[in-house]
2 protein chains.
Amino acid sequence: MYKEVLTVKQKKIARYAKAMGHPIRMYILELLSKQSCCYSGDLTEELPIAKSTLSQHLKELKDAGLIQGEIEAPKIKYCVNKENWEEAQNLFREFLKL
Amino acid sequence: MYKEVLTVKQKKIARYAKAMGHPIRMYILELLSKQSCCYSGDLTEELPIAKSTLSQHLKELKDAGLIQGEIEAPKIKYCVNKENWEEAQNLFREFLKL
DNA sequence: ACCTTTGTTCGGTAATTAACGAACAACTAT
DNA sequence: ATAGTTGTTCGTTAATTACCGAACAAAGGT
């Protein structure tokens with residue numbers, strides 16, 4: 001049992017950063033942060049990846065808490081998870097010491 | 001030959017984010033951004049990981065361009081890479097739309 | 001010269017990540 | 001009831017990541 005040196009904040013920001021650590025996911029996040037929502041079908045068309053791959057990236061972002069999906073049958077509408085997005089913003093801001 | 005949808009900025013920020021995607025590396029970055037420099041020996045003592053593992057994490061950060069090492073024999077002094085650090089700051093700021 | 005300190009590299013293992021196409025599930029619309 | 005749309009899951013493959021201890025390399029001090 002040793003002293004834990006890593007802070008909760010460091011772990012949280014690392015978790016968010018990890019989710020942001022892929023160009024495709026950055027593309028999605030940037031899109032969502034600009035226009036708040038989109039359908040994953042739109043992404044499939046724009047992005048040069050298989051739909052199964054896209055599905056995985058969306059899951060990544062969802063698991064990290066940065067986005068959320070809402071069923072609008074037969075589609076799914078994705079939006080930023082406002083609460084966590086703001087937390088991430090604050091963590092990054094603080095880290096970048098503004 | 002299809003249209004490239006990913007921007008240079010998205011790729012760059014993803015690269016930086018990926019390097020930040022581990023708690024240990026966040027710890028190191030936060031330390032360096034606060035006090036500008038440190039010796040890796042200090043880190044070895046504080047952090048609960050093998051020195052070989054630490055060496056790898058430092059290499060990650062170096063390869064991403066976020067830090068740089070200067071030999072001060074027999075130690076190595078690590079500092080943030082100011083130029084790239086500022087680029088990263090700007091990219092994140094812009095992305096977080098401040 | 002020799003020992004110590006410091007950090008990298010090597011070899012190995014285990015887990016995770018990224019990607020694809022095919023198959024499947026859920027729901028809509030006809 | 002059937003066909004189409006949409007997205008997830010599965011199985012597979014390849015590459016990368018994380019971690020360790022041991023071995024190695026470089027430099028400093030004695």
Side-chain angles (χ1 to χ4, degrees), chain A residues 2 4-6 10-29 31-32 37-79 81, chain B residues 2 4-6 10-29 31-32 37-79 81:
Chain A
Y2 63 86
E4 178 63 87
V5 291
L6 302 173
Q10 280 159 359
K11 288 178 187 168
K12 275 189 179 178
I13 199 169
R15 183 73 187 83
Y16 287 129
K18 194 180 173 191
M20 291 166 57
H22 192 290
I24 294 278
R25 296 198 290 268
M26 278 307 304
Y27 177 93
I28 296 167
L29 283 176
L31 187 71
L32 289 184
C37 287
C38 79
Y39 295 100
S40 95
D42 306 341
L43 296 172
T44 314
E45 284 172 25
E46 294 170 52
L47 295 171
I49 56 173
K51 60 178 180 170
S52 55
T53 306
L54 174 61
S55 187
Q56 275 186 11
H57 282 307
L58 288 168
K59 181 168 161 34
E60 278 280 329
L61 291 170
K62 231 187 308 175
D63 290 349
L66 287 170
I67 68 171
Q68 59 195 19
E70 191 183 333
I71 296 170
E72 274 190 20
K75 299 184 180 182
I76 296 180
K77 189 175 74 174
Y78 283 100
C79 312
N81 181 316
Chain B
Y2 63 86
E4 178 62 86
V5 291
L6 302 173
Q10 280 159 358
K11 289 178 189 170
K12 275 189 179 178
I13 200 168
R15 183 72 187 84
Y16 287 129
K18 194 179 174 193
M20 291 166 57
H22 191 289
I24 294 276
R25 295 198 291 266
M26 278 307 305
Y27 176 91
I28 296 167
L29 283 175
L31 186 70
L32 289 185
C37 288
C38 79
Y39 295 100
S40 97
D42 305 343
L43 296 171
T44 315
E45 284 172 25
E46 294 170 51
L47 295 170
I49 57 175
K51 61 179 179 169
S52 55
T53 306
L54 174 62
S55 186
Q56 275 187 8
H57 283 306
L58 289 169
K59 182 169 161 33
E60 278 281 328
L61 292 170
K62 232 187 308 176
D63 289 350
L66 287 170
I67 68 170
Q68 59 195 17
E70 190 184 335
I71 296 171
E72 274 191 20
K75 299 184 179 183
I76 297 180
K77 190 174 72 175
Y78 284 100
C79 311
N81 180 316

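The sequence lines fix the lettering, A, B, ..., with proteins before strands; numbering per chain opens at 1.
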- Reckon A:Leu58 touches a base, only the sugar-phosphate, or nothing at all at heavy-atom distances under 4.0 Å? nothing

- How would you label the contact of B:Ile49 with the nucleic acid (heavy atoms, under 4.0 Å): base, sugar-phosphate, or nothing? sugar-phosphate

- Per nearest nucleotide of DNA chain C, the residue lying toward the 5' end, B:Lys51 or A:Pro74, is B:Lys51

Choose from [options] the nucleotide whose nearest atom is closest to any side-chain atom of [X].
X: A:Ser40; options: D:dA18, D:dG7, C:dA18; result: D:dG7
X: A:Gln56; options: C:dG7, C:dA19, C:dG21; result: C:dA19
X: A:Lys75; options: C:dT8, D:dT9, D:dT6; result: D:dT6
X: A:Ala50; options: C:dT8, C:dG21, C:dT9; result: C:dG21

According to a strict under-4.0 Å criterion, is [X] in side-chain N/O contact with OP1 or OP2 of [N]?
X: A:His57; N: C:dT17; result: no
X: B:Thr53; N: D:dC20; result: yes
X: B:Lys18; N: D:dT17; result: yes

- Less than 4.5 Å apart, any side-chain heavy atom of A:Ile28 and any of A:Leu54? yes

- Under a 4.5 Å cut-off applied to non-hydrogen side-chain atoms, are A:Ile76 and A:Ser40 in contact? no

- Message: Please check: side-chain N/O of B:Arg25 versus main-chain N/O of B:Met20, any donor-acceptor pairing under 3.5 Å?
- Response: no

Whole-Å distance between [N] [atom2] and [X] [atom1]?
X: B:Tyr39; N: C:dT6; atom1: OH; atom2: P; value: 12 Å
X: B:Ile76; N: C:dT5; atom1: CD1; atom2: P; value: 17 Å
X: A:Glu60; N: C:dT16; atom1: CD; atom2: C1'; value: 9 Å
X: A:Leu43; N: D:dT6; atom1: CG; atom2: P; value: 13 Å
X: B:Leu61; N: D:dA18; atom1: CG; atom2: C1'; value: 14 Å
X: A:Ile28; N: C:dA18; atom1: CD1; atom2: C1'; value: 13 Å
X: B:Lys77; N: D:dA27; atom1: NZ; atom2: C1'; value: 18 Å
X: B:Leu47; N: D:dC20; atom1: CG; atom2: P; value: 11 Å

- Item | Under 3.5 Å donor-acceptor pair, B:Ser55 side-chain atoms to C:dG7 base atoms | no

- Query: Less than 4.0 Å between a side-chain N and a carboxylate O, is that true for A:Lys11 and A:Glu4?
  - Reply: yes

- Message: Tell me whether the NZ or CZ atom of B:Lys75 lies within the 45° cone about the ring axis of B:Tyr39 and under 6.0 Å from its centre.
- Response: yes

